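From a predicted model like this one, the values you see are computed outputs, not experimental measurements. Letters A, B, ... are given to chains in the order of the sequence lines, protein chains preceding strands, and every chain is numbered from 1.
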Amino acid sequence: MGATYATPRRGKAAAQRIAGPRISANSRRMSSRSPVRVRFAPSPTGFLHVGGARTALFNWLFARKHGGTFVLRVEDTDQSRNTEEAVQVIYDGLQWLGLEWNEGPLVGGDHGPYFQSQRHAIYERYLKRLLDGGHLYDDAGATRFRSPRQTVVVDDAVCGHIEFDMSNPATHPDMTIRRPDGSWIFHFVNVVDDIEMKISHVIRGEDHLSNTPKHVELYNVLGVKPPVFAHIPLILKRDGKGKMSKRDEGSSVNSYREGGYVPEAVRNYLCLLGWSPKDNREKLDIEEVVQLFDLDKINRRNAAFDLDKCFWLNGQYIAQMPMSRFRELCVPVLQADGILFEALGEAHLENVLGLVKEKIKLITEVGPWTRPLFTEDFPFDDTAVEKTLKPAGTAARLRELASKLNRVTDWSHDPIEAAFKELAAAAGVKPALYIHPARIALSGRAVGPGLYQMMIVLGKDRVLARLEKAAAMAG
RNA sequence: GACCCUAUCGUCCAGUGGUUAGGACAACGGCCUUUCAAGCCGUGAACACGGGUUCGAAUCCCGUUAGGGUCGCCA
């Protein structure tokens, strides 16, 4: 009853359920014996770990793929570290990655509340059932679950058939379910919530694999068929020594957002950790991943996080994304850097962004790269000045260049380039001797957009003025 | 320590009985060039070890070793 996609009551959740792009109402009904319901159940620690984000991603992909429901549940049983801000970090991280949940905080649903701290009555009810069944006993005020002490079989969608011999209490002690102060322990509430929320597939990190038989014991005793388990490999730190933890570089989703990473690139990279399309492609549109994704394509190997590759992929995304998206990503960064780009108009903004789009790897680079194209107030890089501007003769060359450029009437790429070449040829030196100092003079930096393009965007007058100004500080 | 999982280039991912073991990142070299980059081309780089099974094993089995995980009144 009710175990179909067409729920009896057309609640908010039903309306918001993710519809797989190619799942028609008809095919849905045909495969609807048990609707796919998955969940991401983070603890609000004030930190969203990339491993957690990938777990959320795989759940989200699976739900999308099967036209199911992705539930967000906040496991805040440890009230000491449960804060409003900590929960917000989870929302922000998931939203940033585009992993919208269909049921949970903020969006509601028919299986709430979605905070464990608000579900005491439910846990009491289940506790009573266990108690009545004689499965619990008191241990110094805490409540423990008496293991049936049998072999538990877990048929994992990723790890396969595994048997756990639970007969030895020394190696598999009875788990605690409730502390003397009345607060609940993870294993119990996690199972109860999955039952109550009708979770069909539990997709979670492999660190839970060894805990799974305990969970299955609970399901068995409660007379509930366990969900399908799928334990995905862990994300290890760069050197592969241990799972990535809070301290490790790149372990927080937030560090990517702040570091200039593009969410679609990070999401793409995360897809590739433990899963692959099997055809050697790296950059994949998320909709295509949704289509190709499945549990049996997840490998069982823990993977070390390769920040270099994530960085590379980010550059690929930036270079290939539409200008409108690039602009959208850059604007807040430019604003944060205090660059007043609006006064110069939209066309100028897009010209400038076009100059750096295929070169920068991180959105945060846009400020330093483009500041000289928006204002006269830009910094000069000390080492670049020392190396390229200070050598004797540079000032003279910059003035020569200015006077040469002053005679260029058609201010476009080829004539400007020709001016440099002619000047160098006449002086019997390499064009680089004019080019490098010019770059520093115009942008204060040794690295940046194409020199001639930069000059065009800047306009002749400002170019001449900056050359003159730089000549004054040159050797 | 017990139990569970895993084992292909430095890293990620392909390869499920017959391949010159493939791709990507990184590294290195070259080209281009206007610096850095980008782009293009190229090079080096792996089946942990030992036994089986088989005509034939990276692929299947066993063992060893190594790595990871779990054994909480954390989640």
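- A sub-4.0 Å separation between OP1 or OP2 of A14(B) and a side-chain N or O of Asn299(A) is present.
- Using a 4.0 Å heavy-atom distance criterion, Ala432(A) is classed as making no nucleic acid contact.
- Here Ser276(A) lies in heavy-atom contact (under 4.0 Å) with sugar-phosphate atoms only.
- Atom pair Phe229(A):CZ and G69(B):P shows a separation of 21 Å (rounding to whole Å applied).
- Taking a pair to require two hydrogen-bonding distances under 3.5 Å in either a Watson-Crick or a G-U wobble arrangement, C60(B) pairs with G52(B).
- Residue Leu234(A) is classed as a sugar-phosphate contact, given heavy-atom separations below 4.0 Å to backbone atoms only.
- Note on Gly315(A): nothing from the nucleic acid sits closer than 4.0 angstrom, heavy atoms only.
- Ring pair Phe229(A)/Tyr219(A) is perpendicular by interplanar angle, where above 60° counts as perpendicular and below 30° as parallel.
- No N or O donor and acceptor, one from the side chain of Thr176(A) and one from the base of G72(B), sit under 3.5 Å apart.
- For A24(B), the base has a donor-acceptor partner in the side chain of Lys309(A) [N/O atoms by modelled type, under 3.5 angstrom].
- Of the listed residues (His208(A), His187(A), His231(A)), just one forms a ring pair (Phe, Tyr, Trp, His ring centres under 6.0 Å) with His215(A), and that residue is His187(A).
- When heavy atoms are screened at a 4.0 angstrom cut-off, Lys430(A) is found touching no nucleic acid atom at all.
- For C12(B), the paired base is G23(B) (Watson-Crick or G-U wobble, both distances below 3.5 Å).
- At a threshold of 4.0 angstrom between heavy atoms, the contacts of Gly141(A) with the nucleic acid are absent.
- Residue Asp306(A) is in base contact, counting any heavy-atom pair closer than 4.0 Å across all strands shown.
- In this structure, the nucleotide among A26(B), C4(B), C73(B) sitting nearest to the side chain of Ile162(A) is C4(B).
- As judged by a 4.0 angstrom heavy-atom cut-off over every strand, Lys359(A) is placed among the base-contacting residues.
- Backbone-only contact: Pro173(A) has heavy atoms under 4.0 Å from sugar-phosphate atoms and none from a base.
- Ring-plane geometry between Phe305(A) and Tyr256(A) is classed as tilted, the angle between the planes lying from 30 to 60 degrees on a 0 to 90 degree scale.
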Next on the checklist: Does Ser147(A) form a side-chain hydrogen bond (donor to acceptor under 3.5 Å, both in side chains) with Glu217(A)? I'd like the steps, not just the answer.
Outcome noted: CA-CA 7 Å; Ser147(A) 167; Glu217(A) 287 182 332; 2.7 Å; yes

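- Annotation: cation-pi pair Arg371(A)/Phe374(A) absent, no NZ/CZ under 6.0 Å from the ring centroid and within 45° of its normal.
- U65(B) is paired with A7(B) under the Watson-Crick or G-U wobble criterion, all donor-acceptor distances under 3.5 Å.
- With distances taken from any side-chain atom of Arg301(A) to the nucleotides U34(B), U8(B), C71(B), the minimum falls on U8(B).
- Contact annotation: the side chain of Trp101(A) approaches that of Tyr91(A) to within less than 4.5 Å [non-hydrogen atoms, C-beta and beyond].
- At the heavy-atom level, Asn211(A) lies under 4.0 Å from base atoms of the strands shown.
- What separates CD of Gln316(A) from C1' of A38(B) is a distance of 10 Å, to the nearest Å.
- As rounded to whole Å, 14 Å separates atom C1' of C12(B) from atom CG of Leu284(A).
- Checking G1(B) for Watson-Crick or G-U wobble geometry (two distances, each under 3.5 Å) identifies C71(B) as its partner.
- Rounded to an integer number of Å, the gap from NE2 of His413(A) to C1' of U33(B) is 11 Å.
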